Amino acid sequence: MAFWLSLIFCFFAFASSTPPPDPVKCESGNTICTVTNSYEAFPDRSICEAAKVAYPRTEAELVFVVAAATKAGQKMRVVTRYSHSIPKLVCTDGKDGILISTKFLNNVVRTNPDAKTLTVESGVTLRQLIEEAAKLELALPYAPYWWGLTVGGMMGTGAHGSSLWGKGSAVHDYVTEIRMVSPGSVSEGYAKVWVLSEAMNPEEFNAAKVSLGVLGVISQVTFKLQPMFKRSLTYVMIDDTDFGEQAVTFGEKHEFSDFIWLPSQGKVLYRIDDRVPGNVSGNGLFNFFPFRSQVSLALAFTRSLEESDESSGEANNKCVRAKIVTSLLFRISYGLTNNGFLFTGYPVIGSQDRMMSSGACLDSHQNGLITACPWDPRIKGEFFYQTALSVPLTHVKDFINDIKALVKIEPKSLCGLELNNGVLVRYVTSSTAYLGKEEKALDFDLTYYRSKDDPLTPRLYEDYMEEIEQIAILKYNALPHWGKNRNVAFDGAIRKYKNANAFLKIKERLDPSGLFSTEWTDQIFGLKGNVTIVKPGCALEGLCICSEDSHCAPNKNYLCRPGKVYREARVCTLVSA
C-alpha cells in the first residue's frame, strides 16, 4: 500500500525532492569535521573525523591544498559531492587529517568534437557528463545507472554499467588522459601535477584508472566519446528455469543487456537492449522509478512494516509485499516512457543520453523532506547492506544453481532481496586498469535489510545471504566492487589481481609517504593488518566470517554453523532452542 501511495503521490504532486545532505559536517566553518557516506553508516558504523575540509575550485587551488598538507605531513582523503561509496574510502586516520572535496571542481575544461573528446573536472557528476556530451552530439557508451556519481568517484572505484561489447562497461576504460595532483618533493613545491595517458606513461595511467584514492587527487579527466546513437529497450519477465545457461550467452547477443533476478519467485527480468540507427523514431526516457523522489511518510510506513516482520520473524509478509512491488515495477516498465511522460509499449526507443542513467531524486529543490531519495538518512527510509561481486563467466551457471539450491531449501529466504528490486546482474569484462576486472564476469548486486539501531540484531535468514556471499568470494573467486560491499568481501581480495604489485609500486612512486593512504586502504592492500574485525557479533554485519558462536548472536539462538549448500561456508544460523 505504501508503495502505491508513494507512486501516486510522486506522479501527481511532486516532480522534485529535497536534495541529499552534504557528507561532510563541521563544527566551526570548515574545521573539526566528520564525514560519512550517503547512508550515514559505514560497515563498522564508525564515525570518521578530520581536522578540516577544503573545497578547491581550480586545479591551482587544489595544488595549494595538497602542497600545504604534504609540507605539514598530514593525511589526506578525497570526498565527492554525494559520497556514495559504502566502505570507508573517504576516511582519514584519526582526527588530524584533511578532507579534499571535489564539490566545486565541477566544470567542463575543454571540448574537441572532431576528436570526440571531452575533458572535465573530477567533481563533475555522471549526469553533467552525459548532458555535456549530448550538447556535442556525443555519448559515453557505457556507464552506471545512477547518475549521482562523480567522475572522480567512478574512477576511484571502477564503476560500470553492463556490457561485454567494445572495451566493456567500465567508465575508466573510455578515458584517454588523467590529470592528478600528488604529494611532491621540496624542489617541486610539495605537490606535483601528473599528466597520465596510455601513450606517455602507461604504468601510472593503468594504476590511476582505478585508484581507490591512494595516488592523489584526480583533477581532470578526458573521455573518448562516440557519436550520439539510439537504443531500443524491451523488458521481458520469464521463469528462471534456464537462467544459468542464458546468463552466460545473453550478453553476447545484446549490447546493453542485464537482468533483475527474483530468486524466491523463480523469475528473471531480461533487458533486451541494443543500438538502433539514429533515424529510427523515438524519444524514450529511462527514469528508473526507485531512483525518483519518494514520499517520506510512505517510506517510513514501508520501513516500519519491514522492521515489524524482522522482529516477529515473519517472512511471509515480506514475500507478499515483494510480489506486489516487483509486479508493479514491471507494470510501469520500471520508469521507462516512450516520450518522457507515458509508457505506450515496447520497444522504448530513445537517444543514449536519455536511456543510460537516471536519478531524479537528486533534483535540487527544497520541499522540507516531504519527498526525498529513498535512502536519505534524515528520514525513516531505506537502510541496507549492499553486496556486489563479479563472478567469472565460467562459474556463473554454477553460482546461479547454488543460489537456486538454497531457495529450494527455503523459498522464503530471499524475499528480502526482492523487496529491494531484486538482484541486479550486469556484465563486465577485463580491463587494463591494474585494479579493474580481470576477466569476463557477471556482477551480482544484492541489496538487503540492515538494522538501523542495533548492529547486534540478526536478520531473517541471515545465514542464506552470508552463504551466497561466501560462495561467490571463496568458491568462485569473485572480485568485489570497490565502492560497495561489507568488510568480508575485501579480505584477501588484493591477491586476486595479477597486477596488484605493479599498482603498489606506482602508489609508492606517486605518494612515497603514504599521505593519501589510511589504515583502511593498507588493510585492503594487505600491507598492514586485516580488514576483518573479530569481536562478538562481528559476522552479523559482515565484519568477519564467523568461526565461533560468539561472532553471531547466541543470546538470540543464532549460532555459527556450516553452510547448507556450500558446506565450507560458516554462517550465523537460527537454531531452534
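As the structure is a computational prediction, the values presented were derived from the model and not from experiment.
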When you take the SG atom of each Cys, Cys361 and Cys373, is the space between them under 2.5 Å? yes

With His395 via side chain to side chain donor-acceptor pair (under 3.5 Å) - residues at least two apart: none

Would you mind checking if Lys496 and Glu439 are paired as a salt bridge, meaning a charged N to carboxylate O distance below 4.0 Å? no

Is Lys192 close enough and on-axis enough to Trp194, meaning under 6.0 Å and within 45°, for cation-pi? yes

Does a donor on one side chain and an acceptor on the other come within less than 3.5 Å for Thr447 and Gln386? yes

Would you call Glu438-Lys498 a salt bridge at under 4.0 Å N-O? yes

Cation-pi check for Phe384 against Arg450: NZ or CZ below 6.0 Å from the six-membered ring centre and within 45 degrees of the axis, yes or no? no

Using modelled atom types and a 3.5 Å cut-off, is there a donor and acceptor pairing between side-chain atoms of Gln352 and backbone atoms of Leu140? yes

Can you confirm whether or not the ring centre of Phe104 sits under 6.0 Å from the ring centre of Tyr55? yes

Stepwise side chain to side chain donor-acceptor pair (under 3.5 Å) test for Glu121 and Asn107: CA-CA 6 Å; Glu121 293 177 325; Asn107 300 295; 3.0 Å; yes

Within the distance-only criterion (no hydrogens, no angle test), does the side chain of Thr518 pair as donor or acceptor with the backbone N or O of Thr92 below 3.5 angstrom? no

Count the heavy atoms of every other residue, nucleotide or ligand shown that sit under 6.0 Å from CD1 of Ile47, and state whether that count exceeds 12. no

Do other residues, nucleotides or ligands put more than 12 heavy atoms under 6.0 Å from Phe64 CZ? no

Looking at CD1 of Ile468 and CD1 of Ile473, how far apart are the two atoms once the value is rounded to the nearest 0.5 Å? 12.0 Å

Using modelled atom types and a 3.5 Å cut-off, is there a donor and acceptor pairing between side-chain atoms of Glu61 and backbone atoms of Arg57? yes

Measuring from atom CG of Asp445 to atom CG of Asn485, what distance do you get when rounded to the nearest 0.5 angstrom? 8.5 Å

Starting from the C-alpha separation in whole Å, work towards a yes-or-no answer on side chain to side chain donor-acceptor pair (under 3.5 Å) for Ser83 and Asn37. CA-CA 5 Å; Ser83 193; Asn37 52 29; over 6 Å; no

Derivation and outcome, side chain to side chain contact (heavy atoms under 4.5 Å, CB included), residues Asp511 and Leu215: CA-CA 6 Å; Asp511 183 20; Leu215 306 182; over 6 Å; no

Using 0.5 Å steps for rounding, measure from the CZ atom of Arg231 to the CZ atom of Arg354. 13.0 Å

Would you say the side chain of Thr102 lies within less than 4.5 Å of the side chain of Val124, judging by non-hydrogen atoms? no

With respect to the side-chain SG atoms, do Cys546 and Cys538 come within less than 2.5 Å? no

Backbone N or O of Leu435 within a donor-acceptor pair of the Trp482 side chain at under 3.5 Å? yes

Please walk me through it: do Lys88 and Ser46 pass side chain to side chain donor-acceptor pair (under 3.5 Å)? CA-CA 9 Å; Lys88 296 166 65 176; Ser46 63; 3.3 Å; yes

When you check the gap from the basic side-chain N to the acidic O, do Arg509 and Glu204 get nearer than 4.0 Å? yes

May I ask you to say whether Lys224 pairs ionically with Glu177, meaning some side-chain N is under 4.0 Å from a carboxylate O? no

Would you compute the distance between atom OG1 of Thr432 and atom CD of Glu198 and round it to the nearest 0.5 angstrom? 5.5 Å

Atom CZ of Arg495 with >12 non-hydrogen neighbours under 6.0 angstrom: no

Would you indicate whether Lys505, at its atom NZ, is surrounded by more than 12 heavy atoms from other residues, nucleotides or ligands within a distance under 6.0 Å? no

Assess the side chains of Ser431 and Lys209: does a donor N or O sit below 3.5 Å from an acceptor N or O? no

Are Leu138 and Thr111 close enough, and set up right, to give a side chain to side chain contact (heavy atoms under 4.5 Å, CB included), and what steps lead you there? CA-CA 11 Å; Leu138 297 174; Thr111 63; over 6 Å; no

Under 3.5 Å, side chain of Ser122 to main-chain N/O of Ile218, donor-acceptor pair present? yes

Are any of the side-chain nitrogens in Lys528 or Glu519 under 4.0 Å away from the carboxylate oxygens of its partner? no

In this structure, are over 12 heavy atoms from other groups packed under 6.0 Å from Asn501 atom CG? no

Output yes when Asp22 and Arg81 qualify as a salt bridge under the 4.0 Å nitrogen-oxygen rule, no when they do not. no

Lys75 and Ile98: CA distance, side-chain angles, deciding distance, side chain to side chain contact (heavy atoms under 4.5 Å, CB included) verdict: CA-CA 6 Å; Lys75 292 276 189 172; Ile98 295 175; over 6 Å; no

Would Tyr449 and Phe383 count as a ring pair (Phe, Tyr, Trp, His ring centres under 6.0 Å) here? Give the steps. CA-CA 7 Å; Tyr449 177 88; Phe383 190 68; 8.5 Å; no

Backbone N or O of Thr371 within a donor-acceptor pair of the Gln294 side chain at under 3.5 Å? no

Applying side-chain contact (heavy atoms from CB on, under 4.5 Å), can you list everything that pairs with Ala500, at least two apart in sequence or on another chain? Ile494, Tyr497

Taking NZ in Lys167 as the centre, count heavy atoms belonging to other residues, nucleotides or ligands within less than 6.0 Å. Is the count above 12? no

Any donor and acceptor pair, going by atom type alone, linking the side chain of Asp376 with main-chain N or O of Ala372 inside 3.5 Å? no

Kindly say whether Phe516 contributes a backbone atom to a donor-acceptor pair with the side chain of Arg77 at under 3.5 angstrom? yes

Would you say Ser390 and Asp443 are linked by a side-chain donor-acceptor pair, where the criterion is simply a distance under 3.5 Å? yes

Salt-bridged, Glu466 to Arg570, with N to O below 4.0 Å? no

Working for salt bridge (charged side-chain N to carboxylate O under 4.0 Å, His left out), residues Asp96 and Lys52: CA-CA 8 Å; Asp96 299 324; Lys52 65 179 181 180; over 6 Å; no

Counting N and O atoms only, with roles assigned by atom type, does the side chain of Asn201 sit under 3.5 Å from a partner on the main chain of Val195, one being a donor and the other an acceptor? yes

Report yes or no: do Ser358 and Asn287 form a side-chain donor-acceptor pair below 3.5 Å? no

Quiz question: by atom type and distance under 3.5 Å, do the side chains of Ser169 and Ser163 form a donor-acceptor pair? no

side-chain hydrogen bond (donor to acceptor under 3.5 Å, both in side chains) pairs touching residues 135-160, sequence neighbours excluded, are His84-Trp146, Glu132-Lys135, Tyr142-Glu255, Tyr145-Asp258

Taking atom types as modelled, find out whether Lys484 and Thr387 have a side-chain donor-acceptor pair closer than 3.5 angstrom. no

Heavy-atom neighbours of Asn530 CG exceed 12 at 6.0 Å: yes

Give a yes or no on whether the ring-centroid distance for Tyr385 and Tyr448 is below 6.0 angstrom. yes

Whether the Ser430 and Lys440 side chains hold a donor-acceptor pair (N or O, under 3.5 Å, no angle test) is what I'd like checked. no

Applying side chain to side chain contact (heavy atoms under 4.5 Å, CB included) to Ser219 and Val193, what does each step give before you reach the verdict? CA-CA 9 Å; Ser219 170; Val193 179; over 6 Å; no

Short side-chain to backbone donor-acceptor contact, Ser162 and Tyr427, under 3.5 Å: yes

